[in-house]
There are 2 protein chains.
Amino acid sequence: MTTTKTKILLAEDDENLGLLLKEYLKAKGFETNLFANGELAFRDFVKTQYDICILDIMMPVKDGYTLAKEIRQIDEDIPIIFLTAKSMKEDVIEGFSIGADDYITKPFSMEELLFRIEAILKRTSPDFKTPAPEQYKIGKYVFDTKKQTLQTGDKTIRLTTKESELLKLLCNHQNKILDRNFALKTIWLDDNYFNARSMDVYITKLRKYLKEDDSVEIINVHGKGFKLVM
Amino acid sequence: MTTTKTKILLAEDDENLGLLLKEYLKAKGFETNLFANGELAFRDFVKTQYDICILDIMMPVKDGYTLAKEIRQIDEDIPIIFLTAKSMKEDVIEGFSIGADDYITKPFSMEELLFRIEAILKRTSPDFKTPAPEQYKIGKYVFDTKKQTLQTGDKTIRLTTKESELLKLLCNHQNKILDRNFALKTIWLDDNYFNARSMDVYITKLRKYLKEDDSVEIINVHGKGFKLVM
DNA sequence: TTTTACTGTTAAACAAGGCTAAATGGAAGT
DNA sequence: ACTTCCATTTAGCCTTGTTTAACAGTAAAA
């Protein structure tokens with residue numbers, strides 16, 4: 001399987017921040033090229049296929065706005081996110097006028113940057129690892145979230161809406177803990193006692209459906225939630 | 001060409017801000033419906049085709065997060081922007097986790113909001129924006145709303161008025177939940193018990209008509225409504 | 001160990017929905 | 001007026017989805 005990594009162009013003159021972001025994004029599965037100024041970034045942009053650009057505004061040699069304008073002349077559509085220390089109204093306006101997709105003021109958490117990147121990518125590239133694909137492979141099962149079915153070779157199990165929503169959340173967090181309260185608030189909208197017990201009942205149901213394949217298991221993490229391991 | 005205005009759902013309990021935004025957006029060519037709390041906003045959401053939702057987080061009766069989750073259960077894809085006074089890291093994370101497209105902290109300039117709306121809309125394919133076409137493709141069927149017919153290669157099924165109206169509503173909300181009460185009030189003008197049972201009978205009829213194509217299905221969402229998936 | 005908070009599972013209860021057939025009632029034809 | 005036709009509603013019965021209750025088991029805490 002050749003899942004091409006999402007390529008990010010990062011133009012940031014603060015070396016500390018730049019490397020930190022690059023490392024973080026790498027850990028999150030992105031391929032990031034870091035450049036210390038707009039000039040270097042642009043020289044690479046023309047020869048590399050990027051999926052998204054993250055540009056600091058204030059940089060030596062060539063600032064972020066200028067860089068963005070040059071990028072826009074080459075590619076009208078590529079997503080651009082500005083990073084900046086100042087949050088002056090006019091600057092934000094100018095950023096968006098150039099055709100920015102987002103404008104983030106420092107300080108920001110890397111997590112927020114990641115979310116903002118993903119929010120843009122989910123609308124941009126249709127094949128982007130969206131947090132909610134229509135089909136999941138669960139061991140020898142195929143779970144169709146749209147049709148709410150769970151197929152395994154011969155038979156097809158029709159799932160109810162709640163079963164489907166819960167399984168979807170589990171798939172979404174596969175091999176990670178799905179927090180009880182998060183799941184409750186997402187599906188039941190309220191994490192009271194009764195809904196919690198209701199959820200337990202649904203976990204039992206899902207386990208029954210999935211018991212044909214031993215490599216798949218929904219395990220409980222005491223006091224935290226459930227984990228779909230496979 | 002009759003370009004329909006982009007419809008915005010705005011949930012904001014601060015009446016001053018709400019009306020101000022509404023006026024501003026109106027001047028910019030948007031059609032905005034303003035609601036003072038999440039409950040009212042949701043009640044309208046199920047019966048109106050919106051293009052984007054702008055939700056304040058802190059609202060009486062039903063807060064923005066809960067509203068967003070309810071909206072997401074009905075429509076997984078509609079863009080959501082959160083407005084909030086607090087910019088706590090965890091809140092931003094929660095907002096994006098629900099599937100927000102942007103998260104703006106007050107105070108913000110209306111101009112910035114406008115740019116952010118446009119940044120999102122330029123990435124959103126306006127496929128459902130074309131209002132109520134005369135013909136729908138439903139799997140291998142062609143549904144003609146005007147002639148009230150359902151064609152599939154060889155044969156043509158004549159639909160009755162009620163059958164046609166219901167199917168039209170379902171098509172209008174395809175892959176989203178068609179709210180029971182909204183459908184009843186729209187077609188039967190009254191959501192009493194008997195009309196509800198009548199509607200169930202019609203759902204059965206439509207399912208029979210559509211059973212030639214497995215890729216099409218009318219699934220029930222318990223207590224909420226029906227969803228035409230394809 | 002004892003206690004307490006969680007979790008697993010089953011079954012009961014109830015509401016909602018699926019389906020079929022019969023009843024209703026209006027429109028059109030005789 | 002009577003009949004036929006047909007869309008729609010009502011009735012009835014059965015199935016399913018979801019929640020609640022109840023009881024047993026287990027992990028953590030005291």
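Note that the coordinates shown come from a computational prediction; the quantities given were computed from them, not determined experimentally. Here is the naming used below: chain letters follow the sequence lines, and residue numbers restart at 1 for every chain.
Between B:D200 atom CG and D:dG12 atom C1' there is a gap of 14 Å when expressed in whole angstrom units. Straight-line distance from the CG atom of B:L206 to the P atom of D:dT8: 11 Å, rounded to whole Å. The CD atom of B:E163 sits 14 Å away from the C1' atom of D:dT9 (whole-angstrom rounding). A straight line from NZ of A:K224 to C1' of C:dA5 spans 13 Å, rounded to a whole angstrom. Across the protein-nucleic acid pair, B:Y202 atom OH and C:dT20 atom C1' stand 15 Å apart, rounded to whole Å. Taking atom CG on B:N195 and atom C1' on D:dT10, their separation rounds to 11 Å, with Å as the unit. Note: CD1 (A:I187) to P (D:dG17) measures 16 Å, nearest angstrom. As a whole-Å value, the separation of A:H222 NE2 from D:dG25 P is 17 Å.
As judged by a 4.0 angstrom heavy-atom cut-off over every strand, B:Y193 is placed among residues making no nucleic acid contact.
B:H173 and B:F182 have tilted rings, their planes meeting at an angle from 30° to 60° on a 0 to 90° scale. Aromatic ring orientation, B:Y50 versus B:F45: parallel (interplanar angle below 30°, classes split at 30° and 60°).
Residue order along DNA chain C, read from the 5' end via each residue's closest nucleotide, puts A:G225 first among B:K208 and A:G225. Nucleotides of DNA chain C nearest to A:I203 and B:I219 differ in position, and the one nearer the 5' end is that of A:I203. For A:T161 and A:F194, each mapped to the nucleotide of DNA chain D holding its nearest heavy atom, the one lying further toward the 5' end belongs to A:T161.
Distances shown here put every side-chain N or O of A:W188 at or beyond 4.0 Å from the OP1 or OP2 atom of D:dT18. Contact between the side-chain N/O atoms of A:T160 and the OP1/OP2 oxygens of D:dT16 is not found at any separation under 4.0 Å. Taking 4.0 angstrom as the limit, A:K162 places a side-chain polar atom (N or O) nearer than this to OP1 or OP2 of D:dT19. OP1 or OP2 of C:dG8 sits under 4.0 Å from a side-chain N or O of A:R207.
The side chain of A:R180 approaches C:dT7 more closely than any other nucleotide in the set C:dT7, D:dA7, D:dT18. Across C:dA16, C:dG8, D:dT19, the shortest atom-to-atom separation from the side chain of A:S198 is found for D:dT19. With distances taken from any side-chain atom of B:K205 to the nucleotides D:dT18, D:dT8, D:dA11, the minimum falls on D:dT8. When distances run from any side-chain atom of A:V201 to the nucleotides C:dG8, D:dT9, C:dA11, the shortest one goes to C:dA11. With C:dG17, D:dT8, C:dC19 as the choices, the nucleotide that has an atom nearest any side-chain atom of B:T204 turns out to be C:dC19.
A donor-acceptor pair shorter than 3.5 Å can be found between the side chains of B:K176 and B:Q49.
The main-chain N or O of B:V46 is never found under 3.5 Å from a side-chain atom of B:D179 such that the two would form a donor-acceptor pair.
Among B:L40, B:D56, B:L67, B:L10, the one residue that satisfies the side chain to side chain contact (heavy atoms under 4.5 Å, CB included) test with B:F35 is B:L40.
A salt bridge links B:E39 and B:R43; the closest N-O separation between the charged side-chain nitrogens and carboxylate oxygens is under 4.0 Å.
Judged by distance alone with a 3.5 Å cut-off, a donor-acceptor contact links the side chain of B:R197 to the base of C:dG18.
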